[in-house]
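This report concerns only the one structure given below.
Order of the sequence lines sets the chain letters (A, B, ...), proteins ahead of strands, with each chain counted from 1.
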There are 2 protein chains.
Amino acid sequence: MSHSQLGESYALTSVDVALPPMERFEEYLQAKGKRITQPRRILVEHVFSKHEHFDADALIEELAQRDAGPKRVSRPTVYRTLNELVEAGLLRKMDIGGRAVYEHDYGYPDHDHLYCTQCGKLSEFHSEELIRLRDAVGREQGFRVTGHKFIVNGTCQECQRKTRRQKRKVDLI
Amino acid sequence: MSHSQLGESYALTSVDVALPPMERFEEYLQAKGKRITQPRRILVEHVFSKHEHFDADALIEELAQRDAGPKRVSRPTVYRTLNELVEAGLLRKMDIGGRAVYEHDYGYPDHDHLYCTQCGKLSEFHSEELIRLRDAVGREQGFRVTGHKFIVNGTCQECQRKTRRQKRKVDLI
DNA sequence: GGCTTGTTGAGACTCTTTCCCAACAAGCAA
DNA sequence: TTGCTTGTTGGGAAAGAGTCTCAACAAGCC
Ligand SMILES: [Zn+2]
Ligand SMILES: [Zn+2]
Ligand SMILES: [Zn+2]
Ligand SMILES: [Zn+2]
C-alpha cells in the first residue's frame, strides 16, 4: 500500500541544525582554504535573516539599500558568493522561466514547488512518494539518481478567485 | 493499490496524429492571420525531420549549413518561429541549466527526463503515477494544475561505466 | 607591524534572446 | 498577371543575466 493511497501529507516538516549558517559557511571556507571576509559575512547574514525565494538581482538590490556606502557588496561578489553557498550546501539553486532562483537548503526541509504562472508565487510541498517514484525510474533505467527538479505549473487559489471575479463581471455586461 | 506498486512501466507509447507537422502549423498560422512563408516552412521541415532535443543555437547552425545561400534563415527568425511553434503546440520548451531546450510535442508522447550531469544526455520516461501525484498535491492546496517540469539529475549508465573504469585505473597505481 | 596571497569592485565582456526598422514577399483582388 | 496591403525577414543594435580581468585591498599568519 503506497503512502499516497493513504492520503500522504504534503506539509513540510522542519529540520534542526547544529550550527548557524554563517558558522557552517566558515567551516566550508576553512576546508577550502578560503577567507572569511566582510562581504561574505554581510551576504550570508542577510540571506539567512528570512526564508524566501529570491534571485541574484533582488539580492544585489537589497544589499545596496541596506549599505549604500563603502560596505556595499558588488555584483560580481554577490554572484561569486551565491555560487559558493550553493557549493557549500547552504543554498539551493533552481531555474524558473530561464532565471536563477535561490532559497535556503541548509536547515530547511526538502521540498518541491507549485508555481503560479499568473502571479509568479511559489508555494511548497513535500512528497516521499515522489522520491520513491524518482528512484524507481532511475533503478529501471540504470541511472544513478542524485537529485531532481520538480515544478508544478498552474494557478494559485488567489489568482483563481481573481479570475472568477473578472469572469462574473464580464457575465453581467 | 498504486500502479507503481505493481511495477509501473516507464516506457513511452507512441501517439498517432492526423496531420503532418507543417500542415498542423499552417492551420495555426491561418487561424492567427499569419502567413505561410519560406523560412517557416524550411524550419519546420528541418525540425520535424528527426526526433531530438535541441537548442536554438544548434538549429541556427544546422540551418546555416543546410542552406548557406540566400535561402538561409536568420537568427531572429529562428527564435521567432520557435516561439510560434511552442505557442502552436508543436514544440515543447524546457530550461536545462539556464538554457532553452526544445523537442517535439505534437505527435510525440508526454514524458519527463533523466539528465546526466556528466555528459548532458537526456533520456526519457513516462509515469502516470507522477501525474496522479501532481494532481493530488494540486487538489490538496487548491491549486489548479496546468502542467509540470520534472527533471531527474544523476549519472547515466555509460558515464557510470566510465567512472568505474577510471576508478579501477587509479586503484592500480 | 609587515608579508603573502586570496578577495574585492569597476567595468569590460560573453552569451542568449529580443527589438528595431527598412527591404521584402504572401495573400488577395482586380 | 499585376498591383496593393500588410505581415515577415534579416542585419544590426540592444537588453538581461552572469562571468572575467586586473589593480587595489584586506585576511590570515609570522
Ligand atoms: Zn497566483
Ligand atoms: Zn522553496
Ligand atoms: Zn552520461
Ligand atoms: Zn524529451
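Note on A/K34 versus A/E84: salt bridge recorded, some NZ/NE/NH1/NH2 to OD/OE distance being below 4.0 Å.
Comparing B/K34 and B/Y102 by the nucleotide of DNA chain C whose heavy atom lies nearest to each, the residue mapping closer to the 5' end is B/Y102. Where B/P76 and A/R72 each meet DNA chain C at their nearest nucleotide, the meeting point lying more 5' is that of A/R72.
Between B/L63 atom CG and D/dG10 atom P there is a gap of 11 Å when expressed in whole angstrom units. Between the P atom of C/dC28 and the CD1 atom of B/I36 lies a distance of 9 Å, rounded to the nearest Å. A/R99 has its CZ atom 18 Å from the P atom of C/dT16, to the nearest Å. Going from atom CG of A/D57 over to atom P of D/dG18 covers 8 Å, rounded to whole Å. Put simply, CG on B/D55 is 7 Å from P on C/dT17, counting in whole angstrom units. Atom CD in B/E84 sits roughly 7 Å away from atom P in D/dT8 (whole-Å rounding). Put simply, NZ on B/K71 is 16 Å from C1' on D/dT9, counting in whole angstrom units. Counting to the nearest Å, the P atom of D/dA27 and the CD1 atom of A/I42 are 10 Å from each other.
A sub-4.0 Å separation between OP1 or OP2 of C/dA25 and a side-chain N or O of B/R35 is absent. Side-chain nitrogen and oxygen atoms of B/N83 include none within less than 4.0 Å of the OP1 or OP2 phosphate oxygen of C/dT17. At C/dT18, none of the side-chain N or O atoms of B/Y79 fall inside 4.0 Å of OP1 or OP2 (strictly under the cut-off).
Remark: the B/R75 side chain and the C/dT17 base include a donor-acceptor N/O pair separated by less than 3.5 Å.
Residue A/T77 has its side chain nearest to C/dT8 when only D/dA17, C/dG11, C/dT8 are considered. Nearest to the side-chain atoms of B/V73 among the listed nucleotides D/dG10, C/dA10, D/dG7 stands D/dG10. Distances from the side chain of A/R40 to the nucleotides C/dT8, D/dG10, D/dG18 place C/dT8 closest. Closest to the side chain of A/T37, out of C/dT7, C/dT16, D/dT9, is C/dT7.
Below 30°, between 30° and 60°, or above 60°: for A/H51 and A/Y108 the angle between ring planes is between 30° and 60°, a tilted geometry.
Between the side chains of B/E124 and B/H126, no donor N or O sits under 3.5 Å from an acceptor N or O.
Among the heavy atoms of the strands lying under 4.0 Å from A/R80 is at least one base atom, whether or not backbone atoms are also near.
Atom CD of B/E158 has 12 or fewer neighbouring heavy atoms from other residues, nucleotides or ligands inside a 6.0 Å radius.
Of the residues listed (A/H104, A/K121, A/M94), the one engaging A/H53 in a side chain to side chain contact (heavy atoms under 4.5 Å, CB included) is A/M94, and it is the only one.
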